[in-house]
Structures are given as C-alpha cells and as structure tokens.
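Inspection log for the structure reproduced underneath, given as structure tokens.
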Amino acid sequence: MSTRQERRRAERAAKKQGEEQFKMHFELLQPWSTFVMKTQLPPPILEKMIRITDKIVDNAENEKSHGHNLAGQIKDELWVDHEILEREEVMGFFLDVSRNFVIQQYCQAQPSDRQTILNDEWYTQMLSMWIISQKDNEYNPCHVHTECALSTVMYLKIPEYLPSRKSHRKDDGAINFTGPGTKDPHWGNPTITIQPQVGDFFIFPASQQHFVYPFRTPDGKGERRSVSFNVVFSSKSEQDKLKKEQEGQQNDQL
C-alpha cells in the first residue's frame with residue numbers, strides 16, 4: 001500500500017504532465033491604445049549627455065533658450081544643438097531607439113501586419129532637443145507635444161528632496177503620464193506616477209499627456225535635470241507610395 005507522501009508525489013507528477021500536455025503560447029492584443037516605453041541610457045551615453053549638458057547649463061545666461069516654445073514653468077529650458085550630438089556620436093543612438101519605438105507601436109496597432117511592418121525600412125528624424133534644468137518650486141503643467149510624432153525624456157540628475165509633507169505621498173519631482181479614462185475598474189488605470197532615477201529614458205507618443213510635480217530640496221538649490229527631444233518618422237513604403245502619387249500627378253499635367 002502506498003503512503004500518503006507517495007500518493008501526493010504521484011498527483012504532482014500527473015498534474016505536471018497535464019500542464020506540459022496543454023502548454024500554450026499567447027499574445028496580448030491591444031491595438032486601441034498607445035504605450036510609454038521605458039528603458040535606461042547605456043552608461044557611455046549617460047556620461048556624454050551629462051558632460052554635454054553641464055557645459056550648457058553652466059553657461060545658461062549665454063545659451064539659447066527653448067522655453068518660449070514650452071509649457072514648463074521653469075526658468076532654464078535650454079536648446080541643444082544637433083551638431084553637438086553628431087560630434088559626440090550620440091545622435092545615432094537616439095534615432096535608433098526612436099525607430100524601435102515606432103516599429104513596436106505599429107506592431108501593436110496593426111498586429112495582423114506585424115511581419116510586413118518588421119520587413120519595412122523606418123526612418124526617424126530629430127526635430128529639437130532641449131534641457132529642462134528644474135529647480136525648487138518649478139513645475140511642468142499637463143501638456144502634450146505638437147508638430148511631431150513622438151517625444152522623449154531622459155534623466156541626468158536627481159536631487160535629494162525634502163520629505164513630503166504627507167508621508168503617504170511620493171509626488172514631489174515625479175512625472176505623471178495620463179491617458180484616456182478607462183471604464184474598466186479592474187484591468188485599467190488612466191494614470192501612472194513615476195519617480196524617475198538617473199539614467200531612466202522614456203519614449204512616448206507626442207499626444208501623450210504628461211506633467212511634472214514641483215519639489216523642495218534642503219538648501220533650495222537642487223537641480224532635477226532632464227533632456228527631451230521630439231521626432232518625426234516615415235517608412236520606405238510610405239515614401240515610395242508618395243513618390244508614385246507625385247509622379248502620377250505630374251503625368252496627368254502633361
């Protein structure tokens with residue numbers, strides 16, 4: 001007669017065999033929404049971006065401001081020239097990451113065309129890059145980015161914040177992404193609040209609403225430094241289609 005331990009062992013073996021017999025592969029389909037891609041800057045890229053922005057921020061009074069184009073209630077929002085990015089050999093990295101976002105987002109939006117999307121050639125172009133040198137009590141109100149397709153933000157310096165006045169809140173200096181309100185209370189959330197760390201890098205659709213909370217530091221001189229850039233994109237198939245249409249119009253005029 002088998003012991004209880006042996007019976008349990010046999011039951012577990014049978015259960016495992018059943019699970020292996022019905023092992024299933026699956027994919028998650030969600031073409032009706034966009035996403036925010038989070039990654040980290042490779043150390044060499046992070047070091048270069050800190051060095052690049054140190055020079056600009058330290059000379060802020062003589063640098064080109066980009067603030068008149070932005071929503072932020074922030075004094076120092078400084079332009080980063082593309083020539084610097086090319087010279088420091090970081091432009092290619094940023095364009096490649098943006099390209100990967102485009103491909104992944106298109107695959108989510110059109111899952112049945114995934115292989116066609118992957119086989120296409122995708123081109124990205126940076127429009128503008130700027131530094132956000134945020135200080136105590138400054139903030140970025142809820143906004144979107146315009147005249148572009150996707151946007152990014154990377155974090156280079158995070159100061160030590162004073163403790164929150166309410167211990168259960170962790171909002172100071174956080175970025176908040178908010179989207180269309182979900183009607184499902186169990187499986188969706190219309191907003192996410194993130195306390196970024198140095199090296200964090202986010203890519204998102206330009207229409208994605210987001211904002212940044214103010215903060216306080218012990219000496220009132222802390223700097224929360226981030227860098228953003230805007231991107232447009234196209235694909236070879238789109239360009240070929242446009243070229244064909246233009247040639248057709250020209251032939252019609254002959």
Side-chain angles (χ1 to χ4, degrees), residues 36 39-95 97-98 124-161 172-177 194-204 206 208-217 219-232:
V36 174
T39 185
Q40 280 73 44
L41 295 174
I45 302 295
L46 175 61
E47 292 171 7
K48 285 186 177 183
M49 290 306 298
I50 291 174
R51 186 172 69 250
I52 290 169
T53 58
D54 275 347
K55 292 181 180 179
I56 297 173
V57 171
D58 290 345
N59 191 40
E61 294 183 358
N62 300 313
E63 295 289 343
K64 179 180 177 181
S65 174
H66 193 53
H68 59 283
N69 295 311
L70 306 173
Q73 298 298 306
I74 296 171
K75 177 187 175 186
D76 293 325
E77 296 173 305
L78 306 170
W79 178 266
V80 180
D81 197 287
H82 289 188
E83 183 180 338
I84 299 174
L85 304 177
E86 296 284 2
R87 185 171 66 245
E88 293 290 338
E89 299 182 338
V90 295
M91 176 66 87
F93 168 79
F94 292 130
L95 295 181
V97 175
S98 300
T124 50
Q125 178 185 355
M126 183 186 295
L127 299 181
S128 55
M129 175 183 279
W130 64 96
I131 303 165
I132 305 96
S133 181
Q134 184 179 352
K135 308 294 175 50
D136 282 52
N137 301 311
E138 294 183 326
Y139 66 95
N140 225 322
C142 191
H143 66 286
V144 299
H145 293 194
T146 58
E147 301 180 3
C148 58
L150 62 103
S151 301
T152 75
V153 60
M154 67 193 80
Y155 292 90
L156 308 183
K157 294 187 179 183
I158 301 292
E160 177 186 352
Y161 302 136
D172 290 7
I175 185 169
N176 183 295
F177 293 102
I194 301 171
Q195 275 291 354
Q197 303 298 315
V198 171
D200 284 352
F201 184 22
F202 298 88
I203 306 98
F204 49 92
Q208 171 69 58
Q209 291 186 329
H210 57 288
F211 61 90
V212 176
Y213 287 102
F215 59 83
R216 300 168 300 133
T217 58
D219 61 1
K221 298 180 181 179
E223 180 194 13
R224 177 189 184 278
R225 185 186 300 175
S226 59
V227 171
S228 290
F229 63 84
N230 291 335
V231 172
V232 292

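Just so you know, residue 1 is the first one in the sequence shown, and it goes up from there. Predicted model, so just to flag it, every value in this text is computed and none were measured.
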Is there side-chain contact between [X] and [Y], with at least one heavy-atom pair below 4.5 Å?
X	Y	result
Leu41	Leu156	yes
Met49	Met154	yes
Asn230	Met126	no
Lys135	Glu223	yes
Ser128	His66	yes
Val232	Thr124	no

Parallel, tilted or perpendicular, as decided by the 30° and 60° cut-offs, for the rings of [Y] and [X]:
X	Y	result
Phe202	Phe177	tilted
Phe94	Phe201	perpendicular
Tyr161	Phe215	tilted

Asp76 and Arg225 ion-paired at < 4.0 Å
no

_Closer than 4.0 angstrom, basic N to acidic O: yes or no for Arg51 and Glu88?_
yes

- Is it true that a side-chain atom of Thr217 and a backbone atom of Gly222 form a donor plus acceptor pair closer than 3.5 Å?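 Between the backbone of Gly222 and the side chain of Thr217 there is a qualifying donor-acceptor contact (under 3.5 Å).
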
Would you say the side-chain atoms of Asp58 pair up with the backbone N or O of Lys55, donor to acceptor, closer than 3.5 Å?
-> no

Practice problem: Please lay out, stage by stage, how His143 and Phe211 fare under the test ring pair (Phe, Tyr, Trp, His ring centres under 6.0 Å). | Solution: CA-CA 7 Å; His143 66 286; Phe211 61 90; 9.0 Å; no

Of the non-hydrogen atoms in His145 and Ser151, which two are nearest, and what is the gap between them?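 Heavy atoms of His145 and Ser151 come nearest at ND1-OG, 2.8 Å.
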
(message) Restricting to non-hydrogen atoms, name the atom on Glu147 and the atom on Leu127 that form the minimum distance, rounded to 0.1 Å.
(response)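 Residues Glu147 and Leu127, closest heavy atoms: O-CD1, 3.4 Å.
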
